2 protein chains.
Amino acid sequence: MPGSVRSRLIESAVELIRRNGVPGTAVSGLIDHSGVSRRSIYINFPGGKKELIDTSVTAAGGTMGEYIRNLTEGRSPVEALGDFIDFWKRILIESDFTAGCPIAAGAYGGQDVPDARDSAGKVFHEWEIILISSLVDNGVSEDSAPALATTVISAIEGAVMLCLAAQELAPLERVQQQMEMLIEANTSAP
Amino acid sequence: MPGSVRSRLIESAVELIRRNGVPGTAVSGLIDHSGVSRRSIYINFPGGKKELIDTSVTAAGGTMGEYIRNLTEGRSPVEALGDFIDFWKRILIESDFTAGCPIAAGAYGGQDVPDARDSAGKVFHEWEIILISSLVDNGVSEDSAPALATTVISAIEGAVMLCLAAQELAPLERVQQQMEMLIEANTSAP
DNA sequence: GTCTATACGAAGATAGAC
DNA sequence: GTCTATCTTCGTATAGAC
């Protein structure tokens with residue numbers, strides 16, 4: 001239900017996690033950002049903040065997974081890579097280099113929210129499956145596709161973090177260039 | 001001064017930031033972990049938590065920068081890469097997959113500690129300079145060395161994060177294999 | 001579902017006594 | 001430098017009234 005209290009809360013949580021991480025995302029901040037009453041949070045998420053965070057990481061990961069699937073379908077890995085890089089550039093620019101990946105923030109969220117960390121692991125694994133299938137369909141061997149998929153995700157996630165730190169897009173652009181070379185190397189190999 | 005109150009505080013801060021991120025690192029936790037009195041924190045770091053965090057990110061980055069420099073000196077990039085990957089594997093295993101990179105945590109620390117984020121940016125830039133010089137010394141062209149250096153750092157940082165999320169070492173091992181291939185591709189290229 | 005009030009603990013920071 | 005006490009703000013969570 002778009003527009004519902006529950007979905008509004010999740011959207012706000014994703015946005016705040018992006019910017020301030022899991023421990024930095026306070027319930028009071030969520031109330032301000034979402035306009036939802038304090039009471040409703042604990043009605044929709046009896047587990048409180050932890051449940052909301054966990055749900056939000058999973059939801060954001062699912063949305064992005066669908067996005068990645070659309071990018072890869074019927075297109076070359078290099079084309080999909082370029083669009084995915086552009087997607088991240090937009091996030092960084094529009095947020096003035098304050099918002100990164102909510103899944104990464106969930107993974108680095110600390111040990112008092114292990115559910116969010118586990119959910120982040122599941123999300124990354126789903127992304128890998130989507131990428132592997134796309135790579136295999138485009139001439140990458142089944143032996144090397146998993147490693148390549150993991151590397152593409154790692155490199156992009158790392159680059160987003162470097163972009164946040166440096167407050168510029170250069171890391172993503174450099175990684176894009178090198179990932180194109182790496183995809184090429186994995187395609188032409190035996 | 002090793003063993004001093006100041007250095008003990010920094011060591012504890014690095015350890016706690018690794019595990020719980022910047023917002024998740026509390027002053028009370030620092031007192032417990034370091035054994036230093038509350039008073040001494042504000043004597044050594046008049047700026048309070050923010051100054052301590054910022055100083056700790058820079059210190060950890062400097063230490064690791066020296067470590068990277070030692071790994072690369074007089075050795076091939078692939079050898080250095082292998083040792084650096086092993087270094088991270090050790091951190092992950094010894095912490096039971098709870099401790100990641102303190103610099104990454106600084107970059108994702110949120111907007112109330114922008115100094116830590118900027119320090120993280122400086123640290124990554126120093127690492128890049130070290131790697132670029134090592135790569136150029138080993139047959140990578142000056143044109144492509146910067147992009148390759150940024151990519152290696154991004155991929156490893158991303159892989160560490162994926163390892164934390166998945167609670168396993170596979171992402172780092174896959175990235176190692178692909179980075180070896182990428183270094184090879186950049187070395188044999190014209 | 002909304003609003004407001006409130007309990008209870010933990011956060012960061014400061015100050016006095018030694 | 002250490003100890004403890006304390007101030008203030010903020011955190012999560014709950015409950016009553018509508």
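The figures here come from the full heavy-atom set of this structure, side chains too, leaving out hydrogens, waters and symmetry mates. The sequence lines fix the lettering, A, B, ..., with proteins before strands; numbering per chain opens at 1. This is a predicted model, so every value here is computed, not measured.
When atom types are taken as modelled, the side chain of A:Lys122 and the backbone of A:Thr58 share no donor-acceptor pair closer than 3.5 angstrom.
Side-chain N/O atoms of A:Ser154 and A:Thr151 include no donor and acceptor closer than 3.5 Å.
A donor-acceptor contact under 3.5 Å links the side chain of A:Arg39 to the base of D:dG16.
Judged by closest nucleotide on DNA chain C, A:Ile41 is the one of B:Val27 and A:Ile41 placed further toward the 5' end. Residues A:Val36 and B:Ser28 each lie close to DNA chain C; by heavy-atom proximity, the contact nearer the 5' end of the strand is made by A:Val36.
Taking 4.0 Å as the cut-off between side-chain N and carboxylate O, A:Asp112 and A:Lys50 do not count as a salt-bridged pair. Salt-bridge check for A:Arg69 with A:Glu66: passed, with a basic side-chain N closer than 4.0 Å to an acidic carboxylate O.
In this structure, the CG atom of B:Asp112 is 12 Å from the P atom of D:dC10, given to the nearest Å. A straight line from CG of A:Leu9 to C1' of D:dT12 spans 15 Å, rounded to a whole angstrom. Here the P atom of nucleotide D:dT14 and the CD1 atom of A:Ile31 are 13 Å apart, to the nearest Å. Here C:dA11 presents its P atom at 12 Å from NZ of A:Lys49, a figure rounded to the nearest Å. B:Ile43 places its CD1 atom 16 Å from the P atom of C:dA17, with the value rounded to the nearest Å. Straight-line distance from the CD atom of B:Glu51 to the P atom of C:dG12: 15 Å, rounded to whole Å. One atom, CZ of A:Arg38, and another, C1' of C:dC8, lie 13 Å apart when rounded to the nearest Å. Here D:dG11 presents its P atom at 17 Å from NZ of A:Lys50, a figure rounded to the nearest Å.
Side-chain N/O atoms of A:Tyr42 include none lying less than 4.0 angstrom from OP1 or OP2 on D:dT14.
Using a 4.0 Å heavy-atom criterion, one finds that B:Ser4 contacts no nucleic acid atom at all.
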